[in-house]
Q: 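Next up is a structure, given as structure tokens.
Lettering follows sequence order; numbering is per chain, from 1. We use all heavy atoms of the structure for the numbers below, so side chains are in, but hydrogens, waters and symmetry mates are not.
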Number of protein chains: 2
Amino acid sequence: MLPKQRQDQIVRALRADGAGGVKVLAGKLGVSEATIRRDLEQLHAEGRLTRVYGGALAVDGGDEPFADVNAIHAEEKDRIARRAAELVTDGESLLLDIGTTALRVAQHLHGRSLTVVTSNLAVLEELQNDEQIELIVLGGFVRRSYRSLVGYLTEESLRQIHVDWLFLGTSGVRPDGRVMDSTMIEVPVKRAMIKAADQVVLLADRTKFPGHGVARVCEPGELSMVVTESGADEATRAQLTEAGVKVVLA
Amino acid sequence: MLPKQRQDQIVRALRADGAGGVKVLAGKLGVSEATIRRDLEQLHAEGRLTRVYGGALAVDGGDEPFADVNAIHAEEKDRIARRAAELVTDGESLLLDIGTTALRVAQHLHGRSLTVVTSNLAVLEELQNDEQIELIVLGGFVRRSYRSLVGYLTEESLRQIHVDWLFLGTSGVRPDGRVMDSTMIEVPVKRAMIKAADQVVLLADRTKFPGHGVARVCEPGELSMVVTESGADEATRAQLTEAGVKVVLA
DNA sequence: GCAGGCTCGATCAAACTCGTTCATGAATCT
DNA sequence: AGATTCATGAACGAGTTTGATCGAGCCTGC
């Protein structure tokens with residue numbers, strides 16, 4: 001990427017988020033923090049952003065809280081996401097589900113050569129400026145509360161593609177191994193996603209074992225792998241293993 | 001290949017990708033980096049691209065988005081966008097094209113009860129938090145430099161929907177009334193958009209009359225209306241009127 | 001108000017890019 | 001045929017960008 005392009009993207013990223021930390025920007029754009037600092041200095045001199053300690057603010061909407069920049073990550077959930085990201089080899093394609101779980105996976109994909117397909121608007125924002133990643137957005141109706149795309153357009157788009165990996169979130173896994181979800185409207189999309197992937201990986205921290213949900217997404221047999229953590233209910237894990245699902249502890 | 005041909009191709013490549021590095025262009029065109037540098041120097045002198053360290057950027061010519069330097073005709077372009085937004089009645093659906101022109105229309109839609117369909121990521125960002133608006137995103141490959149979605153997924157999504165209004169941007173309208181675009185890759189998407197709308201409205205400020213572009217988007221007869229401003233070339237306007245297009249001055 | 005962790009700018013070496021120069025070969029002119 | 005023009009690629013020194021490192025300064029929690 002050209003230096004000028006990178007600087008344009010920094011400005012764009014700040015417009016989207018209101019603010020950005022040096023470390024975050026460096027990760028997003030795949031360069032060192034030193035380079036980001038130099039860019040910020042230059043852009044500040046040009047009046048295209050406001051430099052602050054730890055990062056920069058967008059120049060117009062500069063009243064956003066900067067606290068988010070140093071937000072603390074939920075360490076455990078992040079470990080699961082990191083483990084999931086390690087499963088994928090460069091050059092492969094993956095499908096990221098709706099929800100924060102999938103967003104966390106996306107955060108670990110920066111700088112890698114991958115094709116990412118998603119209906120998750122938070123993932124789109126996260127990876128929008130990452131040149132390395134070929135990003136494909138599924139169509140659909142914007143569901144603001146969940147920052148996602150749903151509906152028949154999404155399902156139709158899924159029928160047009162096929163990927164190596166699917167990373168699926170869930171509201172909970174029932175004791176018999178069935179994967180559940182709390183919102184009906186997402187279920188047809190999740191089913192279509194399962195059909196569009198070779199490997200279906202479920203991401204679920206220990207609080208999802210066992211868990212509830214009104215809508216059944218799929219049977220355990222439809223999963224290839226479950227990434228979870230130690231502390232997840234033994235019986236449910238056994239049920240999954242029996243169904244031929246590989247259970248990985250992050 | 002002739003030098004002129006090669007230079008045209010460089011300009012075309014930049015329009016498609018937004019920017020290009022010397023090394024990348026040399027590889028693409030099968031010549032040495034020295035030759036590319038000489039070409040870039042010459043094209044820069046002709047104003048057909050912007051030279052930057054490491055390569056070149058596409059020049060702001062067509063309905064080219066997000067180059068940050070478009071504060072020039074902002075006032076006039078905004079008047080056209082406002083006029084366009086007034087055409088739509090609450091409860092109706094509209095399709096917004098790629099580009100800054102469509103983004104400006106979106107900025108005038110806040111708070112209204114409408115269904116907005118788009119493949120423009122800037123429009124998505126603009127309307128994402130507007131509860132009143134039902135927002136539908138077309139699928140597709142993310143084209144970062146233009147903040148848009150393109151490709152067969154986009155076209156396929158367009159086949160699934162139909163809207164009342166389409167607001168179309170352009171790089172220029174030829175003297176015979178043909179609507180042109182500067183980037184080939186957008187054309188199939190724009191054609192699919194035209195098919196998916198009852199009323200096709202072209203938005204074009206006076207600098208687009210007459211204008212050029214490598215790719216033909218549609219014949220004047222396919223348009224329902226053109227919103228422009230006084231000062232736009234009379235002859236071209238007459239040509240449009242003759243083709244049955246209503247020409248509105250903002 | 002103190003300690004520990006971050007962030008900062010400065011500095012340096014390595015990698016990259018730039019414009020210039022020169023030699024080569026093809027096409028055109030004399 | 002010989003001379004001239006022109007585009008091209010290789011080579012080179014100068015200038016630019018980048019990432020790593022380091023000491024100084026700033027923030028936060030105790």
Q: What is the separation between atom CG on Leu40(B) and atom C1' on dA7(D), rounded to the nearest whole Å?
A: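 After rounding, the gap between these two atoms is 16 Å.
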Q: Rounded to the Å, how far apart are Glu33(B) CD and dG9(D) P?
A: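 Distance check: Glu33(B) CD to dG9(D) P gives 11 Å.
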Q: Which pair of non-hydrogen atoms, one from Ala204(A) and one from Phe209(A), has the smallest distance, and what is that distance?
A: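 Here Ala204(A) and Phe209(A) meet closest at CB-CE1, 3.5 Å.
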Q: Which part of the nucleic acid does Lys4(B) contact within heavy-atom distance under 4.0 Å: base, sugar-phosphate only, or nothing?
A: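 Lys4(B): no heavy atom of the nucleic acid under 4.0 Å.
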Q: Using a 6.0 Å cut-off, check whether atom CD of Glu41(B) has over 12 heavy atoms from anything other than its own residue.
A: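 No, because the 6.0 Å sphere around CD of Glu41(B) holds 12 heavy atoms or fewer from other groups.
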Q: Tell whether Arg38(A) reaches the base of dG19(D) with its side chain through a donor-acceptor pair below 3.5 angstrom.
A: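 Counting by modelled atom types and ignoring angles, a donor-acceptor contact under 3.5 Å is found here.
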Q: According to a strict under-4.0 Å criterion, is Arg51(B) in side-chain N/O contact with OP1 or OP2 of dC18(C)?
A: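 Affirmative; the distance criterion is met.
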Q: dG19(D) C1' sits how many Å from Ile36(A) CD1, rounded?
A: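 Computing the Ile36(A):CD1 to dG19(D):C1' distance gives 12 Å.
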Q: Take atom CG of Leu2(A) and atom C1' of dT17(C), then tell me their distance rounded to the nearest Å.
A: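 Atom CG in Leu2(A) sits about 11 Å away from atom C1' in dT17(C).
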Q: Phosphate oxygens OP1/OP2 of dT8(D): is one of them under 4.0 Å from a side-chain N or O of Thr35(B)?
A: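 So the side chain of Thr35(B) is outside the cut-off, no N or O lying under 4.0 Å from OP1 or OP2 of dT8(D).
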Q: Which value, rounded to the nearest 0.5 Å, describes the distance between Gln199(A) atom CD and Leu95(A) atom CG?
A: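 These two atoms lie 13.0 Å from each other.
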Q: Quick one: is the NZ or CZ of Arg143(A) closer than 6.0 Å to the six-membered ring centre of Tyr146(A), and within 45° of its axis?
A: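 Yes, Arg143(A) and Tyr146(A) form such a contact.
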Q: Could you check Tyr53(B) against Ala34(B) and say which one's nearest nucleotide on DNA chain C is further toward the 5' end?
A: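 Counting from the 5' end, the first nearest nucleotide belongs to Tyr53(B).
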Q: Could you tell me how far apart Glu41(A) (CD) and dC8(C) (C1') are, to the nearest whole angstrom?
A: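 Going from CD in Glu41(A) over to C1' in dC8(C) covers 11 Å.
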Q: Establish, with yes or no, whether the OP1 or OP2 oxygen of dC16(C) is under 4.0 angstrom from a side-chain nitrogen or oxygen of Lys23(B).
A: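 No, because none of the side-chain N or O atoms of Lys23(B) sits under 4.0 Å from OP1 or OP2 of dC16(C).
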Q: Let me know the distance between CG of Leu43(A) and P of dT17(D), rounded to the nearest Å.
A: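 That distance rounds to 13 Å.
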Q: Working to the nearest 0.5 angstrom, can you tell me the gap between Leu124(A) CG and Asn120(A) CG?
A: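 These two atoms lie 9.0 Å from each other.
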Q: Kindly say if Arg37(A) contacts the phosphate of dG19(D), meaning a side-chain N or O under 4.0 Å from OP1 or OP2.
A: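 No.
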Q: Would you mind reading off the distance between Leu25(B) atom CG and dT17(C) atom C1', rounded to a whole angstrom?
A: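 In whole Å, dT17(C) C1' lies 14 Å from Leu25(B) CG.
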Q: Can you measure Leu29(B) atom CG to dG9(D) atom C1' for me and round it to whole angstrom units?
A: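 Spelled out: CG on Leu29(B) to C1' on dG9(D) is 15 Å.
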